[in-house]
Colleague: 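Got a structure for you, written out below as structure tokens; questions coming shortly.
Just so it is clear, the model here is predicted, and its values are computed rather than measured. So you know, we letter chains A, B, ... as the sequences are listed, proteins then strands, and number each from 1.
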Amino acid sequence: MIKITEENNRVILEGVKDLQLDHTFDNGQCFRWYREEDGSYTGVAFGRAANIGCIDGTILLNDVSLKDYYEIWKDYLDLERDYGEIKRKLSEQDPDMEKAIGYGHGMRILQQDKWETLISFILSQNNNIARIRNCVEGLCTAHGKPLGKYRGKMQYAFPRAEDLAKLRPQELEPCRLGYRANYIVETAKQIAADDGRTLESLGKASAKEAYEYLLSLSGVGPKVANCIMLFSMEKYDSFPLDVWIKRVMNQVYHIEEGNVKKMQEYATEHFGAYGGIAQQYLFYYAREINSRRRDRSEC
DNA sequence: AGCCAGGCCCAAC
DNA sequence: GTTGGGCATGGC
């Protein structure tokens, strides 16, 4: 059980298991969290800026009220889910999965805002993570509501659909989104048309229903749709197949390169309801061992 | 300096 | 229904 205390505009969580900040914020599922010198992360979600740190296994939600903890951060960090159980089941599948989970053991799938996830992953196509972050930040700075200065930097909410829907693609040129600017404006129009109601309703819709609606949006194909369902709609059987995972499916599970259908079937058969979570452990592991980034041990 | 990136669209089969 | 070229941009 998590022990929750509040003091000095900060919420302290003791007894949180299976959460390591870099595994969660630096695994490619989100683009607006920045690592500080002390290993904490500063970012914006659902229109709130915050800093999240970890000392000796205790999670510190800095500049967070108890009210916001219950209304936003508890679910955002997916703290009600038992990842120990999920990891145990997935680890039984094969030694490579076990190894990937050992590597990213503190990863949790954030429950992000649907609209923000939609736009962010349209921007992700044929792009790299470092630049996706710049694209998202540029979009927020240019078109998001200012939230005031926080930790030495002006912070902005993610832009609203109705604001982006008013733009001409050309007006997004300063954000350097490339050809994706057209998709952003088109999709913003589609979402703003019913004030985002359909998009929001997809959380309770079937995976099939959500998938079909998402594919109807400009710039959303199978891979992006699966990311949106996994990272913002709690549809954990969604299995996004990007270039990294395709590589893993080929090299580790020996499925012919490009046989997407067989890859999806393999995921369904072996990882089932937690396919998307399995996919994220594999993604993080595959990328980390290929980037030999600096060691980041922490609690 | 090139290669490549959490792919999708659209035309041509 | 499947396949392949084209695609803006900049990190590395």
Colleague: Please determine if a side-chain N or O atom of A:N134 lies less than 4.0 Å away from the OP1 or OP2 oxygen of C:dG11.
Modeller: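 Checking A:N134 against C:dG11: at least one side-chain N or O falls below 4.0 Å of OP1 or OP2.
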
Colleague: Give the rounded distance in Å between these two atoms: NZ of A:K246 and P of B:dA5.
Modeller: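 Taking atom P of B:dA5 as the reference, NZ of A:K246 is at 11 Å.
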
Colleague: Kindly point out which of B:dC8, C:dA8, B:dA5 is positioned nearest to the side chain of A:Y179?
Modeller: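 Nearest to the side chain of A:Y179 among the choices is C:dA8.
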
Colleague: Between B:dA11 and C:dA8, how far apart are the P atoms? Round to whole Å, please.
Modeller: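 My reading of the P atoms in C:dA8 and B:dA11 gives 15 Å.
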
Colleague: Let's see if you can work this out: which of C:dT9, C:dG11, C:dC7 has an atom nearest to the side-chain heavy atoms of A:R131?
Modeller: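 So the nucleotide nearest the side chain must be C:dT9.
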
Colleague: Write down the distance between CZ (A:F31) and C1' (C:dG10), rounded to a whole number of angstrom.
Modeller: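 Computing the A:F31:CZ to C:dG10:C1' distance gives 16 Å.
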
Colleague: Rounded to whole Å, please give me the gap between CD1 in A:I184 and C1' in B:dG7.
Modeller: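 These atoms are roughly 13 Å apart.
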
Colleague: Once hydrogens and angles are ignored, does a donor-acceptor distance under 3.5 Å link the base of B:dG6 to the side chain of A:Y284?
Modeller: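 Looking at the base of B:dG6, it does not pair with any donor or acceptor on the side chain of A:Y284 (distance under 3.5 Å).
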
Colleague: Could you check whether A:Y274 and A:Y236 have their ring centres less than 6.0 Å apart?
Modeller: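 No, too far apart.
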
Colleague: When you measure from the side-chain N and O atoms of A:R176 to the phosphate of C:dG10, is any distance below 4.0 Å, counting only OP1 and OP2?
Modeller: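 Looking at the OP1 and OP2 atoms of C:dG10, one of them is under 4.0 Å from a side-chain N or O of A:R176.
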
Colleague: If you draw the axis of the six-membered ring of A:F121, does the NZ or CZ of A:K223 fall within 45° of it and under 6.0 Å from the ring centre?
Modeller: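 No, cation not above the ring by the 6.0 Å, 45° rule.
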
Colleague: From the list C:dT9, B:dG7, B:dC8, which nucleotide is the closest neighbour of the side chain of A:P222?
Modeller: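 My answer, after comparing the listed nucleotides, is B:dC8.
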
Colleague: Pick the closest DNA chain B nucleotide for A:I245 and for A:L217 by heavy atoms, then say which residue is nearer the 5' end.
Modeller: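 Of the two residues, A:I245 wins.
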
Colleague: Once you round it to whole Å, what is the distance between C1' of B:dA5 and CG of A:L241?
Modeller: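 One finds 16 Å between C1' of B:dA5 and CG of A:L241, rounded.
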
Colleague: Return the orientation label for the A:Y183 and A:Y179 ring planes: parallel under 30°, perpendicular over 60°, tilted otherwise.
Modeller: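 Aromatic pair A:Y183/A:Y179 classed perpendicular.
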
Colleague: Return yes if some donor-acceptor pair links the side-chain N/O of A:N8 with the main-chain N/O of A:R10 below 3.5 Å, else return no.
Modeller: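 Between the backbone of A:R10 and the side chain of A:N8 there is no qualifying donor-acceptor contact (under 3.5 Å).
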
Colleague: What is the distance from CG of A:L214 to P of B:dG6, rounded to the nearest Å?
Modeller: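 Computing the A:L214:CG to B:dG6:P distance gives 21 Å.
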
Colleague: Identify whether any heavy atom of A:N182 sits under 4.0 Å from a base atom; if not, whether one sits that close to sugar-phosphate; answer base, sugar-phosphate or nothing.
Modeller: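 Nothing: the residue A:N182, judged by heavy atoms under 4.0 Å, touches no strand.
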
Colleague: Start at the 5' end of DNA chain C and walk down; is the nucleotide closest to A:A130 or to A:Q125 reached first?
Modeller: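 The residue whose closest nucleotide sits nearer the 5' end is A:Q125.
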
Colleague: How many angstroms lie between CG in A:L79 and CG in A:L77, if you round to the nearest 0.5 Å?
Modeller: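 So the CG of A:L79 and the CG of A:L77 are separated by 5.0 Å.
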
Colleague: When all nucleic acid strands are considered with a 4.0 Å heavy-atom cut-off, which category describes A:G219: base, sugar-phosphate, or nothing?
Modeller: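 If one applies the 4.0 Å heavy-atom cut-off, A:G219 turns out to touch the sugar-phosphate alone, with no base involved.
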
Colleague: Could you tell me whether the side-chain ring of A:F283 sits stacked on the base of B:dG6, using a centroid cut-off under 5.5 Å and a plane angle under 30°?
Modeller: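 A:F283 ring centre within cut-off of B:dG6 base, planes near parallel; stacks.
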
Colleague: Between atom CZ in A:R180 and atom P in C:dG10, what is the gap in whole Å?
Modeller: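 Taking CZ of A:R180 and P of C:dG10, I get 10 Å after rounding.
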
Colleague: I'd like to know if the side chain of A:R180 and the backbone of A:N126 have a donor-acceptor N/O pair within less than 3.5 Å.
Modeller: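 Yes, the answer is positive, given that a donor and an acceptor are paired below the 3.5 Å cut-off.
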
Colleague: Could you state the atom-to-atom distance from CZ of A:R133 to P of B:dA5 in whole Å?
Modeller: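 After rounding, the reported distance stands at 19 Å.
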
Colleague: Taking B:dG6 as the reference, what is the distance to C:dG5 when you measure between their P atoms (whole Å, please)?
Modeller: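 23 Å, rounded to whole Å.
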
Colleague: Nearest to the side chain of A:R247, heavy atoms from C-beta on, is which of C:dA8, B:dA5, C:dT9?
Modeller: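 Closest nucleotide among those given: B:dA5.
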
Colleague: When you get a sec, tell me which of B:dA5, B:dC9, B:dG6 is the closest nucleotide to the side chain of A:Q29?
Modeller: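 When the side chain of A:Q29 is considered, B:dG6 is the closest of B:dA5, B:dC9, B:dG6.
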
Colleague: Any base atoms under 4.0 Å from A:Q280, or only sugar-phosphate, or nothing? Heavy atoms, all strands.
Modeller: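 It contacts base atoms.
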
Colleague: Nearest whole angstrom, please: distance from the C1' of C:dG10 to the CG of A:N128.
Modeller: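 So the CG-C1' distance, A:N128 to C:dG10, works out to 7 Å.
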
Colleague: Are OP1 or OP2 of B:dG6 and a side-chain N or O of A:R287 less than 4.0 angstrom apart?
Modeller: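 Looking at the OP1 and OP2 atoms of B:dG6, one of them is under 4.0 Å from a side-chain N or O of A:R287.
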
